[in-house]
Amino acid sequence: MRIDKFLKVSRILKRRTVAQEACDNGKVLVNFKEVKPSHRIKAGDTVEIVYRTGSLKFKILEVKEHVKKDEAASLYEVIE
């Protein structure tokens, strides 16, 4: 699955366009490397999103195309 779609499906970022812009601006790192919106992710990857006030770092536990709102948090585990 693409990183921009995962960020939307997991509800880490609200919209896919916001996820694409974050990737284009170098704000998304997968396994400590800047990635483009089309980067393919898999379970076990470490993702970091850099915000103005800090960052969010998490590990991908599972990749699914569709999840319910209640189950979205089960796709990843926050680190630190």
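Position 1 is the first residue of the sequence; numbering continues from there.
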*If we only count heavy atoms from C-beta on, is the Ile49 to Leu7 side-chain gap below 4.5 Å?*
yes
*When rounded to the nearest 0.5 angstrom, what distance separates NZ in Lys68 from CG in Asp70?*
8.0 Å
*Say you draw a straight line from OH of Tyr76 to OG1 of Thr46; how long is it, rounded to the nearest 0.5 Å?*
15.0 Å
*Taking C-beta and beyond as the side chain, do Lys69 and Arg11 meet within less than 4.5 Å on heavy atoms?*
yes
*asked:* Counting C-beta onward and ignoring hydrogens, is there a side-chain heavy-atom pair between Leu56 and Ile12 closer than 4.5 Å?
replied: yes
*What are the two closest non-hydrogen atoms of Ser55 and Glu48, and how far apart are they?*
OG-OE2, 3.1 Å
*Non-hydrogen atoms of Ile41 and Asp45 that approach each other most closely*: CA-OD2, 3.4 Å
*To the nearest 0.5 angstrom, please state how far the NZ atom of Lys33 sits from the NE2 atom of His39.*
8.5 Å
*What are the two closest non-hydrogen atoms of Met1 and Lys64, and how far apart are they?*
CE-O, 2.9 Å
*asked:* Membership question, hydrophobic clusters at under 4.5 Å side-chain separation (ILVMFWY): are Phe32 and Tyr51 in the same one?
replied: no
*Output yes when Lys5 and Glu65 qualify as a salt bridge under the 4.0 Å nitrogen-oxygen rule, no when they do not.*
yes
*Are Val67 and Ile3 grouped together when hydrophobic residues (ILVMFWY) are joined by side-chain heavy atoms under 4.5 angstrom apart?*
yes
*Please examine the side chains of Asp24 and Pro37, heavy atoms only from C-beta on, and report whether any two atoms are closer than 4.5 Å.*
yes
*Going hydrophobic residue to hydrophobic residue with side-chain gaps under 4.5 angstrom, can you get from Val30 over to Val50?*
no
_Please check this pair: side chain of Asn25 against backbone of Glu21, looking for a donor-acceptor N/O pair closer than 3.5 Å._
yes
*Below 4.5 Å, heavy atoms only, C-beta onward: do Gln20 and Cys23 meet side chain to side chain?*
no
_Could you check whether any side-chain heavy atom of Val9 comes within less than 4.5 Å of a side-chain heavy atom of Leu75, counting everything from C-beta outward?_
yes
*If only atom types and distance count, is the side chain of Ser10 paired as donor or acceptor with the main-chain N or O of Phe6 below 3.5 Å?*
yes
*asked:* Could you check whether any side-chain heavy atom of Arg2 comes within less than 4.5 Å of a side-chain heavy atom of Ser38, counting everything from C-beta outward?
replied: yes
